[in-house]
Amino acid sequence: AVRHRADLVVLGGTGDLSMRKLIPALYHSDREGRLAPETRVIAMSRGGLTDADFRGKVDAEVRGQVPVDDPAVWQRFLERLHHVSVDVGGENRSGWSALTRLLAGHEQRDRVFYLASPPRTFGPFCRELQDAGLVTPRSRVVLEKPLGHDLPSAQRINDEVGAIFDERQIFRIDHYLGKETVQNLLVLRFANAFLEPIWNSLWIDHVQITAAETVGTPGRRGYYDHAGALRDMVQNHLLQLLTLTAMEPPARNDREAIRDEKVKVLQALRPISGGEVGRFTVRGQYTAAGDMPGYLDEPASTAPTEASRRVETFTAIRAEVKNWRWAGVPFYLRTGKRMPYRRSEIVVQFKDVPHSIYPGGTPNRLVLRLQPEEGIELHIMAKEPGAGEVSLKPVPLSLSFGKTFTARVPEAYERLLTDVLAGNPTLFMRRDEVEAAWRWIDPILDAWSADPALPEPYPAGTTGPAGAHELLGRSGRAWHEEE
Ligand code: BG6
């Protein structure tokens with residue numbers, strides 16, 4: 001692979017995302033020889049750190065998270081790191097001159113501006129880059145989620161960033177697209193012959209997409225009160241999984257061909273609005289249970305407000321893709337904090353056999369597990385050994401990536417940062433995708449905010465409120481749970 005010389009400038013470079021995900025991912029890339037020797041990482045923050053301070057911080061906070069088998073490689077990595085203190089939108093220009101000096105003479109390198117900062121900073125920061133003359137033809141910008149809080153705000157951010165960068169230079173991150181199983185879903189569907197002929201409403205009863213987390217939201221209330229599960233997880237991660245599950249086969253493995261097909265799925269989502277919202281969506285909020293606090297009692301710097309009481313930490317939705325392939329097949333989405341397990345998966349539930357000659361069969365089910373352990377399971381019916389009456393038992397044909405492949409499974413951010421440095425936007429969201437997703441989400445948000453009822457409570461450590469089970473139960477279905 002070509003290793004481009006690059007300067008990676010991270011706004012919010014000392015923040016949580018950077019220290020937990022980006023810096024470790026870059027170290028892995030370095031260790032595996034994917035960074036050119038000249039490549040530098042320049043963290044920007046208001047922190048007033050020197051390069052040495054920042055290297056010390058990374059040494060103290062990141063070294064323990066990654067495998068350091070060769071101290072020389074770790075040292076080489078630390079030497080790539082720089083820090084610039086900057087006050088975005090502020091009066092003090094000295095940070096900008098420091099950045100300008102650092103980048104001067106390196107215009108031929110790929111220049112990546114990674115904005116791991118709140119979305120309101122995206123537009124102003126890009127303008128400042130432009131004013132400082134730092135945007136070169138080889139520049140790219142990476143935008144972290146959330147991209148706005150509704151369609152108009154997303155459009156505004158896209159316009160502001162789009163005034164400085166071309167769409168081909170803009171990389172909108174959804175880290176779920178970097179997960180191994182998610183990319184494997186495309187390989188499973190489009191590099192195997194046996195699935196695609198039955199991947200439609202004739203054979204599939206419904207699809208379930210779950211992202212369950214055990215964590216709560218300690219210390220995040222400031223963000224979460226105004227986000228909620230729908231904006232935090234569904235608008236991006238879950239809808240991305242839905243598009244990859246439902247999309248038509250693209251003609252080529254090519255950035256635009258794949259994204260064209262994904263956007264068509266989003267455009268085909270049947271709108272849920274007004275009175276239907278109560279029937280097709282569920283929202284919940286966790287309450288204290290055992291030693292786990294409720295959402296309103298999570299440690300936070302401010303007391304809970306009306307927004308805290310109204311925000312959903314769990315949501316379940318019955319979606320539908322209105323096209324020839326999928327009409328009539330429900331896509332159930334669910335995500336929540338403080339559930340009993342951490343598990344993200346896509347479950348494709350097939351229909352029952354057209355005519356059964358045995359008692360006791362259950363329909364086939366394909367489970368794609370994203371985490372904790374990446375794997376694919378096809379639940380099939382088998383005969384239980386024995387000389388008596390034929391007795392059926394569902395058993396999994398199971399592929400565990402961990403057991404099948406010896407290579408380390410890279411973290412999502414590693415794959416995505418590698419793609420940004422290589423200039424490949426296939427696994428990033430195009431403007432029309434993000435906006436189509438918001439167009440579907442907004443009417444749900446509107447109906448929820450017009451509804452005087454609060455989210456249904458569910459005790460921390462459970463699988464969500466009763467409504468989530470009724471959403472499937474009323475058509476005789478149930479959420480996939482571990483047997
Ligand atoms: C982030 C959300 O995008 O995804 C978090 O903001 C959530 O609230 C996280 O915890 C989940 O990511 P993962 O990779 O742990 O499933």
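First listed ligand is number 1; within each ligand, the first listed atom is number 1. All residue numbers refer to positions in the sequence shown, counting from 1.
For atom 16 (O) of ligand 1, the nearest protein heavy atom (residue, atom name, distance) is Y176 OH, 2.5 Å. Closest protein heavy atom to atom 12 (O) of ligand 1: H175 NE2, 3.2 Å. Summary of contacts: the protein heavy atom closest to atom 15 (O) of ligand 1 is R342 NH2, 3.1 Å.
The shortest N or O to N or O distance between S344 and ligand 1 is not under 3.5 Å. At under 3.5 Å, a nitrogen or oxygen of E213, whether backbone or side chain, sits near a nitrogen or oxygen of ligand 1.
For R334 and E481, the salt-bridge test passes: some basic side-chain N is under 4.0 Å from an acidic carboxylate O. With respect to the salt-bridge test (charged N to carboxylate O, under 4.0 angstrom), the residues R342 and E213 do not qualify.
Heavy atoms of Y224 stay at 4.0 angstrom or farther from ligand 1.
Using the six-membered ring where Trp is involved, F401 and F405 have ring planes that are parallel, under 30° apart on the 30 and 60° scheme.
Contacts with ligand 1 closer than 4.0 Å are made by no heavy atom of K21, backbone or side chain.
Checked options K264, K262, R325; the residue passing with E248 is R325 (criterion: side-chain hydrogen bond (donor to acceptor under 3.5 Å, both in side chains)).
The closest non-hydrogen atom to atom 1 (C) of ligand 1, taken over K337, Q371, H237, K179, comes from H237. Proximity annotation for atom 2 (C) of ligand 1: of N236, I173, D232, D232 comes nearest, heavy atoms only.
Residue-ligand proximity, K145 to ligand 1, at heavy-atom distances under 4.0 Å covers atoms 1 (C), 2 (C), 3 (O), 6 (O). Heavy-atom contacts of R220 reach the following atoms of ligand 1: 5 (C), 6 (O), 8 (O) (cutoff under 4.0 Å).
Proximity of M247 to F190: side-chain heavy atoms (C-beta onward) are separated by under 4.5 Å at one or more points.
A donor-acceptor distance shorter than 3.5 angstrom exists from the side chain of Q65 to the backbone of M19, with no hydrogens or angles considered.
Taking the ring centre of Y176 as origin, the terminal cationic atom of K179 falls inside the region bounded by 6.0 Å and 45° from the ring axis.
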Run the side chain to side chain contact (heavy atoms under 4.5 Å, CB included) test on T315 and V282 for me, step by step, so that the C-alpha distance in whole Å, both residues' side-chain angles and the decisive distance to 0.1 Å come before the verdict.
CA-CA 5 Å; T315 183; V282 175; 5.6 Å; no
